[in-house]
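One structure is given below, encoded as structure tokens.
These numbers come from a predicted model, not from an experiment.
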Amino acid sequence: MKTVKKIVLTGGPCSGKTTFTSRAQEFFQERGYRVIIDNESATDLISGGISPATLSMYDFQKYVVALQLKKEELCLRAAEEMEGEKVLLIIDRGLPDDMAYVGEEAFKEILSEFDLTIDEMYPRYDMVIHLVTSAKGKEEAYTYANNAARYESVEDARRMDDQALESWKDHPNRVVIGNETDFELKMRNAIQAIVKFLGEENTEIYNKYLIEVNDEVIKEMSRKQNFVHSHIIQHYLDSKVNTERRIRQRERNGSIMYTYSEARYLSTNERIKVDRVLSERQYFDYMGEVDDKLNVIDKQRYSFIENSHFYKLDVFNFDTSKGILSVQIPLNETDIELPDFVKIIKDVSDDQNYKNYYLAKSQKY
């Protein structure tokens, strides 16, 4: 039986929504979900020239609501028609977010034009993830770089975050992800909140092993639950000091997704990593910025589930006789028994030489 879950992302500006959307899409696709992304309607309108600067805020919100409703309708229709039993619809801001800009009474008037009431808004969404703006506690990470439509000051961002908290306070299934930890853990906590909501295994720790690879190993993996094969090509870009940038092309079943990632190091042990999905044209525009000192990462990725554990194997083109197998370790376990067809060469969980960036330098295991 098909299940479609509608999950809203909200929060103040520069909270990590764009990065989270990109990571969640890949994370849940690898676990057998179809993932649909409904991008922020207000940003779509502003980028197209329709904004509060050209209309009154009241009229602008009417356009936002109209676009949101139509996009949600089309996304749900597509979710019902596409193959696959498990579908996630991730919505960047829902209807209650719009109320903050005009007040409750004015928003009631706007909703009435679409035959909706305030009380009917919340049941439209199964879960709400509120990512707190970096302007609250991580001011050094507040940036305009990841959204061309962003114009808010730090003070505005804090106020808007408070408004989003107020607008969604009546939703029965809201999770607030703050800035008490570093950015990477913030992203993992948000994904784990959805994993828990979906009733999936709650895992967040990876063990990594260098293993032997041959045709029989791949054949064994292909028989496992939720087997997925994808081809990944990754280029590193020219970067400033303390910054690492890359673009990635991921092909699966003839469908290609392009992404951009930028990691900015705030200190030796902390970094802010932002990700966003690119169009094909944007991807090839970035090709002009490729760092020629680093080799391209070209790898086959095989992922599967066995005994409720998620595995992914990366086989790099510079040596296809070996590969890096990653397995998620449940929070209540310290170790797991690997499949019997896996022959381990060594544990590389804490060895930075087996990270993609260093493999792009060395081209060897």
Side-chain angles (χ1 to χ4, degrees), residues 7-31 35 37 39-40 43 88 90-94 97 125 127-147 150 152 154 156-165 167-169 171 173-198 200-206 242-246 259-277 310 326 328-331 355:
I7 298 174
V8 171
L9 299 181
T10 187
C14 196
S15 58
K17 291 192 290 87
T18 302
T19 295
F20 175 79
T21 298
S22 175
R23 295 192 190 181
Q25 186 173 17
E26 182 171 351
F27 180 93
F28 287 105
Q29 281 179 343
E30 289 183 336
R31 285 151 182 81
V35 182
I37 306 298
N39 292 315
E40 185 179 6
T43 296
L88 279 186
I90 299 178
I91 302 169
D92 190 344
R93 300 198 186 278
D97 285 290
Y125 312 107
M127 183 186 192
V128 180
I129 299 288
H130 181 112
L131 298 174
V132 174
T133 174
S134 60
K136 290 180 175 179
K138 289 289 183 182
E139 289 81 2
E140 69 277 13
Y142 189 80
T143 177
Y144 299 88
N146 214 31
N147 187 341
R150 181 175 298 137
E152 302 89 352
V154 169
D156 287 338
R158 292 169 180 160
R159 175 178 52 79
M160 294 169 68
D161 195 84
D162 289 339
Q163 290 172 335
L165 285 168
S167 295
W168 286 100
K169 67 179 182 181
H171 195 280
N173 191 23
R174 180 183 67 171
V175 177
V176 178
I177 309 292
N179 295 310
E180 296 82 7
T181 62
D182 65 33
F183 185 76
E184 293 301 314
L185 186 53
K186 180 181 182 180
M187 294 293 99
R188 291 201 298 272
N189 287 343
I191 286 179
Q192 290 306 313
I194 297 177
V195 168
K196 182 178 179 181
F197 167 72
L198 295 172
E200 301 281 0
E201 183 183 11
N202 190 22
T203 57
E204 62 177 3
I205 302 172
Y206 271 107
N242 295 328
T243 302
E244 180 184 303
R245 301 191 304 148
R246 67 163 172 80
T259 56
Y260 168 89
S261 297
E262 180 174 328
R264 181 160 57 95
Y265 288 84
L266 303 178
S267 66
T268 304
N269 299 317
E270 183 177 2
R271 68 176 187 171
I272 297 291
K273 184 171 178 286
V274 297
D275 302 286
R276 69 173 184 269
V277 177
F310 176 73
S326 302
Q328 282 190 319
I329 306 299
L331 296 178
K355 293 182 177 180

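- Smallest separation of non-hydrogen atoms from Val176 and Leu165: CG2-CD2, 4.0 Å.
- Contact between Phe183 and Arg23 at its shortest, heavy atoms only, is CE2-NH2, 4.5 Å.
- Within the model, atoms CE of Met187 and OG of Ser22 stand 11.0 Å from one another, a figure rounded to the nearest 0.5 Å.
- None of Ile191, Ile90, Val175 except one satisfies the side-chain contact (heavy atoms from CB on, under 4.5 Å) rule with Ile129; the exception is Val175.
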Exercise. Could you go step by step and tell me if Arg159 and Asp162 meet the salt bridge (charged side-chain N to carboxylate O under 4.0 Å, His left out) rule?
Worked result: CA-CA 5 Å; Arg159 175 178 52 79; Asp162 289 339; over 6 Å; no
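- Classification of Arg158 and Asp161 as a salt-bridged pair fails, no side-chain N sitting under 4.0 Å from a carboxylate O.
- Phe27 places a side-chain heavy atom less than 4.5 Å from the side chain of Val195.
- Side-chain N or O atoms of Thr18 include none that pairs as donor or acceptor with a backbone N or O of Arg276 at under 3.5 Å.
- The two residues His171 and Tyr125 have their closest heavy-atom pair at NE2-O, 2.8 Å.
- Contact detail for Arg245 and Tyr260: the closest heavy-atom pair is CD-OH, 2.9 Å.
- A donor-acceptor pair is defined here as one N or O able to donate and one able to accept, closer than 3.5 Å; no such pair exists between the side chain of Thr19 and the backbone of Gly16.
- Qualifying side chain to side chain contact (heavy atoms under 4.5 Å, CB included) partners for Ala164, counting only residues two or more places apart in sequence or in other chains: Thr10, Asp97, His130.
- Once rounded to the nearest 0.5 Å, the distance linking NZ of Lys196 with CG of Asn189 reads 11.5 Å.
- With hydrogens and angles ignored, the 3.5 Å screen pairs a side-chain donor or acceptor of Asn179 with a backbone N or O of Lys136.
- Here Met127 contributes atom CE and Ile7 contributes atom CD1; the two are 6.0 Å apart, rounded to the nearest 0.5 Å.
- When atom types are taken as modelled, the side chain of Lys17 and the backbone of Arg93 share no donor-acceptor pair closer than 3.5 angstrom.
- To the nearest 0.5 angstrom, Leu131 atom CG is 6.0 Å from Leu9 atom CG.
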